[in-house]
Amino acid sequence: MPELPEVETIRQSLSPLLLSCEVKEIEMFCPEVVIQYGDAPVLNTFIFDLRRRGKYLLLDLSKDRSVSQHVSTIMVHFRMTGKLLYKDSFEEAAKHTHVRFHLSDESGEKRYLDFNDVRRFGRVWLLPPGGEKLDPGFSRLGPEPLSVEWTAANFFSQIKRRPRSTVKALLLNQEVVAGVGNIYCDEALFRAGIHPASRNESLSESDALRLQEAVREVIAEGIGHKGTSFSDYVDGLGNSGHFQLQLKVFQREGEACHVCGSEIEKIRVAGRGTHFCPVCQPLEKKD
DNA sequence: GCCAGCCTGTTG
DNA sequence: CAACAGGCTGGC
């Protein structure tokens with residue numbers, strides 16, 4: 001499930017614990033989830049950076065602990081139910097732990113990092129430097145929503161490119177903007193007052209600007225609340241997030257809209273469960 | 001574009 | 001028991 005705010009929270013939670021740890025061993029309980037490009041070294045390397053791009057998390061590895069000499073990268077995509085869990089002492093691998101990285105911290109203590117995924121949709125890549133670009137999904141990612149690269153002009157051009165598609169499909173498309181998933185998509189559309197099934201061609205310039213700002217807001221607030229936990233998501237230490245308490249429409253079918261009191265509805269748009277307020281988000285038809 | 005399929009667990 | 005779940009790919 002993790003969307004951008006959850007992956008960012010995982011990154012922030014793991015960074016202080018993993019930086020300068022040495023990778024001593026990799027146990028693959030389910031090799032099918034591991035994709036390896038080239039033969040970049042991972043064993044006896046040191047984690048010197050944790051990066052995020054869209055919903056991907058990347059751990060950069062160096063040959064030395066003291067000098068950052070990038071020799072390889074571990075990349076993770078969590079898809080629906082993936083988790084990356086840090087353990088400061090040994091425990092038996094859980095039922096759905098597919099990969100375990102054995103680590104040694106600066107003082108030589110043994111630590112563990114488990115990739116766990118009930119549905120086995122998630123993936124772990126072992127890559128040479130820059131190898132993330134070999135993954136088609138990664139290489140096609142659009143701009144980061146909180147970066148200056150995601151300009152109004154950029155968003156307008158993506159909208160014009162897909163006139164007959166719905167705005168829901170637009171925001172879920174990782175080529176348009178990286179890291180938005182079903183939760184933050186529904187929340188952004190509510191804030192912008194736009195019906196999720198609206199055709200992109202029906203959006204005015206001010207609709208588009210409002211929507212872009214709403215995406216930035218919900219993503220930033222999601223990070224601020226350390227992600228949304230309503231079933232599976234926890235950070236690298238097993239802690240839940242809090243943004244589920246701030247949700248205005250997602251998972252609120254039949255409940256009262258906080259703005260107008262109408263019942264929140266759930267429909268299917270772009271093949272996904274979609275929550276919205278029929279009064280605050282009217283469907284405008286323009287052709 | 002849409003939607004089945006990938007998987008397992010949970011819910012109605 | 002069938003339907004559904006927050007993502008993404010690939011086949012139409």
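Throughout, protein chains are lettered first and strands after them, A, B, ... in sequence-line order, and every chain is numbered starting at 1.
Heavy atoms of Phe78(A) sit nowhere under 4.0 angstrom from any nucleic acid atom. Within 4.0 Å (heavy atoms only), Gly271(A) reaches no atom of the nucleic acid at all. Residue Asp232(A) is classed as a base contact, given a heavy-atom separation below 4.0 Å to a base.
Aromatic ring orientation, His70(A) versus Phe48(A): perpendicular (interplanar angle above 60°, classes split at 30° and 60°). Ring orientation note: the planes of His98(A) and Phe115(A) are tilted relative to one another, at an angle of 30° to 60°.
Aromatic stacking of Phe121(A) on dC6(B): satisfied, with centres closer than 5.5 Å and planes within an angle under 30 degrees.
Rounded to an integer number of Å, the gap from CZ of Arg162(A) to P of dC2(B) is 12 Å. Rounded to an integer number of Å, the gap from CD of Glu32(A) to C1' of dC7(B) is 12 Å. Atom CZ of Phe138(A) is separated from atom P of dC8(C) by 13 Å (rounded to the nearest Å). Atom pair Lys83(A):NZ and dT8(B):P shows a separation of 16 Å (rounding to whole Å applied). Spacing between atom CG of Leu141(A) and atom C1' of dC8(C) amounts to 12 Å, rounded to whole angstrom units. Nucleotide dT9(C) holds its C1' atom 13 Å from the CG atom of Asn173(A), rounded to whole Å. What separates CZ of Phe115(A) from P of dC7(B) is a distance of 14 Å, to the nearest Å. Rounded to whole Å, atom P of dC4(C) lies 15 Å from atom CZ of Phe250(A).
Remark: dC7(B) base-pairs with no nucleotide in the shown strands. Criterion, Watson-Crick or G-U wobble with two distances under 3.5 Å.
Ile267(A) belongs to a hydrophobic cluster whose remaining members, ordered by chain and number, are Val269(A), Phe276(A); membership requires side-chain heavy atoms of ILVMFWY residues under 4.5 Å apart, directly or through intermediates.
Relative to the ring axis of Tyr112(A), Arg100(A) places its NZ or CZ within 45° and under 6.0 Å from the centre.
Of the candidate nucleotides dC8(C), dA5(C), dG1(B), dA5(C) has the atom nearest to the side chain of Arg268(A). Among the nucleotides dT8(B), dC8(C), dA5(C), the one closest to any side-chain atom of Lys266(A) is dA5(C). Distances were taken from every side-chain heavy atom of His96(A) (C-beta onward) to each of dA5(C), dG9(B), dC8(C); the shortest belongs to dG9(B). Side-chain proximity of Gln174(A) to the nucleotides dT8(B), dA5(C), dC8(C) is greatest for dC8(C). When distances are taken from the side chain of Arg120(A) to each of dC8(C), dC7(B), dC2(B), the shortest belongs to dC7(B).
The environment of NZ in Lys226(A) is sparse: at most 12 heavy-atom neighbours from other residues, nucleotides or ligands sit within 6.0 Å.
Between the side chain of Arg123(A) and the backbone N or O of Arg120(A), at least one donor-acceptor pair lies under 3.5 Å.
Look at Arg140(A) and you'll find a side-chain N or O under 4.0 angstrom from OP1 or OP2 of dT9(C). Close to dT8(B), at under 4.0 Å from its OP1 or OP2, lies no side-chain N or O of Lys95(A).
Side-chain N/O atoms of Arg119(A) and base N/O atoms of dC7(B) include a donor-acceptor pair closer than 3.5 Å.
Take the nearest nucleotide of DNA chain C for His275(A) and for Asp135(A): the residue whose nucleotide is more 5' is His275(A).
With both ends at atom P, the span from dC7(B) to dC1(C) equals 22 Å, rounded to whole Å.
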